Amino acid sequence: MPQLIAVPTSATPFSKPKIHLPIEASKQTCQIYPYAHLLNRSTSSDHLNQIHAQMLVSGLHQDDLLITKLITSIIVTGEPELASLVFNQVECPNGFLWTSMIRCYSRYGPFKEAIVFYARMRCQSFRPNNFNFPFALKTCGVLKALSEGKQIHTDVMKLGFVSDVFVQTALLDMYVKCRRLKTAKQVFDSMKTKSVVSWTAIVAGYCRHGLLKQAQELFHDMPAKNIITWNAMIDGLARFGDLGTARWYFNSMPQINRVSRTIMIGGYSRAGDVANARLLFDRMTEKEVVEWTAMISCYVENGEPGEAIKLFREMLAADVKVDEITMLALISAAAQFGSSHLCVWIENHISEGGFGSDIRILNALINLYVQCGSIEKAFDSFEKIPNKDVISYNSMITGYATHGDADGTLSLFSMMIGANVQPNSITFVGVLTVCAHRGLVDKGRRYFRLMLDLGYIKPKVEHYACMVDLLGRAGHLEEAHNLILNMPIRPEPSTWGALLGACRIHGNLGMAEVVARKLFEMEPENPGNYAILTNMYSEKRMWDAAIKVRTAMKEMRVFKTPGISIAVEDVGPCC
DNA sequence: ATAGGGTTAG
């Protein structure tokens, strides 16, 4: 995470905020205050603008109480930009105002602005209060902005909030969200008084990162649990493979709610138990958008897009309000279904629901068109996105790559660089895949080199697999072999498998023997590797060697699985 | 300040 902004940590001097209220303005106060009752949730932003204009004219824009009310009203309309506009005209904002602005951005985004506001507050040497920290820290967690979080941590210590349970809990949660479990635990251990929330935050942190042992230990040690603690625990268990225990906890917890059931639906879904997920779903009386979406996703996750789409229709019939996450699940289902006649229907829902400006939806749409085979339409949707992010570019690059379009892939990569969007490891999977597919050896080498030179991308096995495939197919077996031997991460059987395949293509028996030996060690139970080597011996009429491999196979009790042809199910029309 | 559903690759 690049540093968003330098948060000044100088803690002195603290100037008390002063309100410079013009005398004339204070005289007019009673005339203007009647406007205050207009500032409620339903006030439109035009109306707020009018009120603000009047305040400016009357010189009341420095009136602490009124401005606070105005900004609060703007914030509930969810328009942070307008709120900042008003805020920026306040000479000496009070603590409540600073908190409001930070909280506003931490809720509606852009999240970065919340930290910017925190930094601005510190630049003005305003002393944060215990309400400022949690919202600023929460935002650091959302953005995974560890370095900013640490700077706020310094402020917390300098300014004497080490014994504030709220602040400390927010701090430990920030470390949890930034994947710093050890630091989170240190903060937790240092707390003299801990609330249920503090305990739950650390338990949930361990759960989220799959450290179930630590989580369970604390779970059993904690003096009191609430339903959130239980839910965090069953989610951890269900998420990381111990569905049985999760189920046991689920059945023995003092009370359950909608969240508990949704967690279990997710657990069953990941275990492939669609029937039990549906059973739980059907038994729920109060189903809202999250529950419906969980069940729809369950079908998507388990390869039943038809059922997912059917359930979505039921959801509409049940008059449940669809949100952007339901739409993402639905688009996923349609993409899996792969039929282009769903696309128009989907696009209608997107515009009806007002999701047309949500970049996540638009990105999913690119993938939908790619999966339906209309790469041109995918590009149309891609082009229409005003501020394309990495995922937009990746979706399109991957789309071209899976269609084997090297020109499309590589020109889009250049476009991405030109637009100053940083490629990530997924981008390079796409680029290298297409190079391997199209036999573009030199280009592949160059892009691979570029990826390493960029420095911020940790090469993964997938990248090496692409390169081995690319070099191997082109006959550069030695180079491919050396790449595997020198790669900084553990090669997977499939990495060696790619090389073995290349040896077969080029009839290089010597290297095939070396590679096969490696594979026999790694996955002695996989019959495919023996088969390739046996076939290579047979092709060279080396019958003795072939028989030797077969015998070894028998001794290892490896049997070649007979070929199975799976009938393609006719799903029929779905709508 | 703590819990549930989602988009890009493989």
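The figures here come from the full heavy-atom set of this structure, side chains too, leaving out hydrogens, waters and symmetry mates. What you are looking at is a predicted structure, and each value in this text was computed from that prediction instead of being measured.
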ask   = Does the separation of the ring centres of A/Phe312 and A/His349 fall below 6.0 angstrom?
value = yes

message = Check for me whether the distance between the ring centres of A/Tyr105 and A/Tyr118 falls short of 6.0 Å.
response = no

task = Could I get the full list of side chain to side chain donor-acceptor pair (under 3.5 Å) partners for A/Asn394, not counting sequence neighbours?
result = A/Asn424, A/Thr427

task = Determine, stepwise, if the pair A/Leu171 / A/Phe161 fulfils side chain to side chain contact (heavy atoms under 4.5 Å, CB included).
result = CA-CA 11 Å; A/Leu171 201 52; A/Phe161 290 93; over 6 Å; no

message = Strictly distance-based, threshold 3.5 Å: is any side-chain N or O of A/Asp323 a donor or acceptor partner for the main-chain N or O of A/Val289?
response = no

task = Report which part of the nucleic acid A/Tyr393 touches: base, sugar-phosphate, or nothing (heavy-atom distance under 4.0 Å, all strands).
result = nothing

May I have the list of side-chain donor-acceptor pairs in residues 368-377 of chain A shorter than 3.5 Å, sequence neighbours left out?
{"from": "A/Tyr369", "atom 1": "OH", "to": "A/Glu347", "atom 2": "OE2", "distance (Å)": "2.5"}
{"from": "A/Gln371", "atom 1": "NE2", "to": "A/Asn367", "atom 2": "OD1", "distance (Å)": "3.0"}

query = For DNA chain B, what residues of residues 246-266 of chain A have any heavy atom nearer than 4.0 Å?
reply = A/Asn257, A/Arg258, A/Val259, A/Thr262, A/Ile263

request  = Tell me what A/Val289 touches on the nucleic acid: a base, only sugar-phosphate, or nothing, going by heavy atoms under 4.0 Å.
outcome  = base

Residues 399-409 of chain A, side-chain donor-acceptor partners within the protein, below 3.5 Å, at least two apart:
{"from": "A/Thr402", "atom 1": "OG1", "to": "A/Thr398", "atom 2": "O", "distance (Å)": "3.0"}
{"from": "A/Thr402", "atom 1": "OG1", "to": "A/Gly399", "atom 2": "O", "distance (Å)": "3.0"}
{"from": "A/His403", "atom 1": "ND1", "to": "A/Gly399", "atom 2": "O", "distance (Å)": "3.0"}
{"from": "A/Asp405", "atom 1": "OD1", "to": "A/Asp407", "atom 2": "N", "distance (Å)": "3.2"}
{"from": "A/Asp405", "atom 1": "OD1", "to": "A/Gly408", "atom 2": "N", "distance (Å)": "2.7"}
{"from": "A/Thr409", "atom 1": "OG1", "to": "A/Ala401", "atom 2": "N", "distance (Å)": "3.3"}
{"from": "A/Thr409", "atom 1": "OG1", "to": "A/Asp405", "atom 2": "O", "distance (Å)": "2.7"}

request  = Under 4.0 Å between any heavy atoms, over every strand shown, what does A/Thr427 touch: base, sugar-phosphate, or nothing? Just pick one.
outcome  = nothing

task = Look at all strands and tell whether A/Glu324 reaches a base, only sugar-phosphate, or nothing, counting heavy atoms closer than 4.0 Å.
result = nothing

ask   = Do A/Phe131 and A/Phe166 pass the ring-ring contact (aromatic ring centres under 6.0 Å, His included) test, and can you show the C-alpha distance, the side-chain angles, and the key distance before you say yes or no?
value = CA-CA 9 Å; A/Phe131 293 109; A/Phe166 262 62; 7.7 Å; no

ask   = Can you check whether A/Phe188 and A/Trp199 have ring centres sitting under 6.0 Å from each other?
value = yes

ask   = Which part of the nucleic acid, if any, lies within contact of A/Ser332, taking any heavy atom under 4.0 Å across all strands shown: a base, the sugar-phosphate backbone alone, or nothing?
value = sugar-phosphate

query = What is the 5' to 3' range of DNA chain B, first to last nucleotide, that sits under 4.0 Å from any heavy atom of chain A?
reply = B/dA1 to B/dG10

note = Sorted by number, residues from residues 363-376 of chain A placing a heavy atom under 4.0 Å from DNA chain B are A/Asn363, A/Asn367

query = Just wondering, more than 12 heavy atoms not from A/Lys150 lying within 6.0 Å of its NZ?
reply = no

ask   = With a cut-off of 6.0 Å (strictly less than), are more than 12 heavy atoms of other residues, nucleotides or ligands near NZ of A/Lys310?
value = no

